[in-house]
There are 2 protein chains.
Amino acid sequence: MASNTIENYLKAIYSLQQKQEKVNITDVSKHLEVSAATVNNMMQKLKKMKWVKQEKYQPVTLTVEGEKRAAMIIRKHRIAEMYLTEKMGLGWENVHSIAEEMEHIDSSILFDRMDELLDYPKYDPHGSPIPNKDGKIVKMNFHLLSQAETGSLVQLVGVEDSSKELLEFLNQKMIRLGTEMKVLEIASFDKSLLLEMEEKDTLVLSSKVCNALRVIEVEK
Amino acid sequence: MASNTIENYLKAIYSLQQKQEKVNITDVSKHLEVSAATVNNMMQKLKKMKWVKQEKYQPVTLTVEGEKRAAMIIRKHRIAEMYLTEKMGLGWENVHSIAEEMEHIDSSILFDRMDELLDYPKYDPHGSPIPNKDGKIVKMNFHLLSQAETGSLVQLVGVEDSSKELLEFLNQKMIRLGTEMKVLEIASFDKSLLLEMEEKDTLVLSSKVCNALRVIEVEK
DNA sequence: TAAATTATTTAGATTGATCTAAATATAAGA
DNA sequence: TCTTATATTTAGATCAATCTAAATAATTTA
């Protein structure tokens with residue numbers, strides 16, 4: 001029923017709601033790289049469909065129905081990513097863009113089967129939780145590597161964006177989910193981090209990269 | 001580059017060219033269920049793109065480039081169908097509509113990998129040949145069951161349409177690719193066929209169904 | 001708090017894909 | 001061959017999704 005475009009708006013609002021209290025037209029506009037006027041226009045349509053709520057000049061929120069639809073799209077996206085990596089052997093850097101297209105396929109047979117073949121995974125290859133069939137999603141517990149303190153030992157549990165560019169960079173540095181790193185030093189000038197890796201060698205990561213890495217503290 | 005819509009026009013012309021010498025605007029119009037005016041309009045665009053040729057009021061033909069693009073879309077479609085049945089265990093009645101969406105995914109990594117996992121299949125689950133990477137497609141040798149003569153022993157090698165409706169009907173009658181049938185009688189009134197099946201039981205198939213079944217003659 | 005900045009909305013235009021109705025050309029039949 | 005039927009093209013309209021520019025509202029800052 002909903003066009004791919006509409007599904008992408010729902011998904012955008014959902015994702016933004018996961019990390020912010022308030023989602024503005026401008027946030028959606030930046031996220032989808034369309035003008036604010038376009039977003040405003042689409043919000044009128046989504047309000048008529050009862051998938052979003054918004055008072056004039058106020059932030060947008062998904063309705064229960066809108067949130068459920070968004071969660072189902074994200075569920076399909078993440079199950080597809082998982083299938084592509086686990087069952088087809090594609091690298092985590094390649095699956096996001098494919099899943100971006102597969103998420104719009106209307107076929108419960110397909111996604112239920114992938115889910116079953118994967119034995120009902122809880123997380124996608126980038127560490128993000130997969131919403132269940134009711135749209136429930138576990139809340140992740142993490143902080144960004146850029147927020148870590150000197151001396152802390154952390155483990156990578158997810159990434160903020162699944163772009164090929166970031167993930168190829170991480171591949172090159174031998175960083176994957178589960179990789180442990182100790183923060184040796186934080187450069188005050190550019191907020192880059194000096195890290196000790198598992199093999200005792202050291203590595204410098206820019207603040208841009210550290211802002212994209214989700215970590216948890218681990219015991220020493 | 002090409003929208004899904006444009007890809008569907010290329011595919012439609014390609015498919016029609018496989019079974020007719022001349023492809024008219026009206027043929028495409030019926031095939032895609034859009035008005036002839038819409039097709040005409042789209043042909044102007046495809047001509048500018050150099051993917052079709054057409055003189056005013058004349059039939060349309062794909063250019064070499066247009067044909068190659070069409071073949072690549074059909075290749076993706078058929079590889080996907082094969083993967084869905086062979087590797088994921090979906091029934092042949094369910095895969096066409098899914099492949100209809102997957103065929104537009106722009107990812108050689110994905111389709112090359114499916115092709116490899118399938119060990120480079122030559123036919124899809126409905127018996128249609130898969131174009132190779134150069135766009136070459138083997139010419140199938142078959143006739144329709146509706147053309148078979150009384151007494152002939154035939155084997156199902158493909159279907160004219162991959163609709164869920166037809167394929168569920170065939171499932172119910174235990175008819176699949178490879179099934180052999182002997183034509184016992186052709187009713188002159190409605191052109192229905194009385195067939196002897198592999199298990200020696202008999203079955204009547206309407207001319208509508210016989211028109212959709214591709215068979216070859218086999219030795220007795 | 002007044003001014004400046006930022007965000008949202010409105011207005012009007014564009015593009016892609018579609019339609020119907022009318023005009024024109026081609027093909028088929030008497 | 002003339003008439004009729006069918007096919008194609010043209011013209012003009014609509015809808016979804018986008019844009020820019022301008023107007024308006026809300027927020028921030030001096």
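Within every chain, numbering begins at 1; the chains are lettered A, B, ... in the order of the sequence lines, protein sequences first and strands thereafter.
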Qualifying salt bridge (charged side-chain N to carboxylate O under 4.0 Å, His left out) pairs with a residue from residues 25-38 of chain B, counting only residues at least two apart or across chains: none
Close N/O contacts between protein and nucleotides 20-22 of chain C (under 3.5 Å):
none

Below 4.0 Å: OP1/OP2 of D:dA17 and any side-chain N or O of A:K45: yes
Can you list every salt bridge (charged side-chain N to carboxylate O under 4.0 Å, His left out) pair that touches residues 91-109 of chain B, not counting sequence neighbours? B:K11-B:E100, B:K11-B:E103
Calculate the interatomic distance between B:L32 atom CG and C:dA17 atom P; express it in whole Å. 13 Å
Are the side chains of B:I130 and B:K122 in contact, using a 4.5 Å heavy-atom criterion? no
With sequence neighbours left out, what residues match A:K133 under side-chain contact (heavy atoms from CB on, under 4.5 Å)? A:R75, A:D112
For DNA chain C, which residues of residues 46-62 of chain A approach it to below 4.0 angstrom with any heavy atom? A:Q54, A:K56, A:Y57
Do the non-hydrogen side-chain atoms of B:Y123 and B:V157 ever get within less than 4.5 Å of each other? no
Which pairs with one or both residues in residues 2-39 of chain A pass ring pair (Phe, Tyr, Trp, His ring centres under 6.0 Å), sequence neighbours excluded? none
Roughly how many Å is it from CD in A:Q44 to P in C:dT10, rounded to a whole number? 7 Å
Where do B:L213 and B:L170 come nearest, in terms of heavy atoms and distance? CD2-CD1, 3.8 Å
Report the distance from atom CD of B:E33 to atom P of C:dA17, rounded to the nearest whole Å. 18 Å
Expressed as a whole number of angstroms, how long is the span from A:M43:CE to C:dT10:P? 14 Å
Give every donor-acceptor pair under 3.5 Å between a side-chain atom in residues 79-91 of chain A and any protein atom, sequence neighbours left out.
| from | atom 1 | to | atom 2 | distance (Å) |
| --- | --- | --- | --- | --- |
| A:E81 | OE1 | A:H126 | ND1 | 3.1 |
| A:E81 | OE2 | A:H77 | NE2 | 2.9 |
| A:E81 | OE2 | A:H96 | ND1 | 3.4 |
| A:Y83 | OH | B:Y83 | OH | 2.9 |
| A:T85 | OG1 | A:E81 | O | 3.2 |
| A:T85 | OG1 | A:M82 | O | 3.1 |
| A:K87 | NZ | A:L117 | O | 3.2 |

Test item: B:M42 and B:T5 side chains (from C-beta on) under 4.5 Å apart, heavy atoms: yes
Could you give the CG-to-C1' distance, from B:N41 to D:dA13, as a whole number of Å? 13 Å
Considering residues at least two apart in sequence or located in another chain, which fulfil the side-chain contact (heavy atoms from CB on, under 4.5 Å) criterion with A:Y120? A:D115, A:E116
Side-chain touch A:S128/A:R78, heavy atoms, less than 4.5 angstrom: yes
Specify the residues of residues 17-30 of chain B, ordered by number, for which at least one heavy atom lies under 4.0 angstrom from an atom of DNA chain C. none
Quick one: which residue pairs count as a side-chain hydrogen bond (donor to acceptor under 3.5 Å, both in side chains) with a foot in residues 46-55 of chain A, not counting sequence neighbours? A:Q44-A:K47, A:K47-A:Q54
Is there a residue in residues 4-13 of chain B whose heavy atoms reach under 4.0 Å of DNA chain C, and which residues are they? B:T5, B:Y9
Got a list of side-chain donor-acceptor pairs under 3.5 Å for residues 66-73 of chain B, not counting sequence neighbours?
| from | atom 1 | to | atom 2 | distance (Å) |
| --- | --- | --- | --- | --- |
| B:R69 | NE | B:E65 | OE2 | 2.9 |

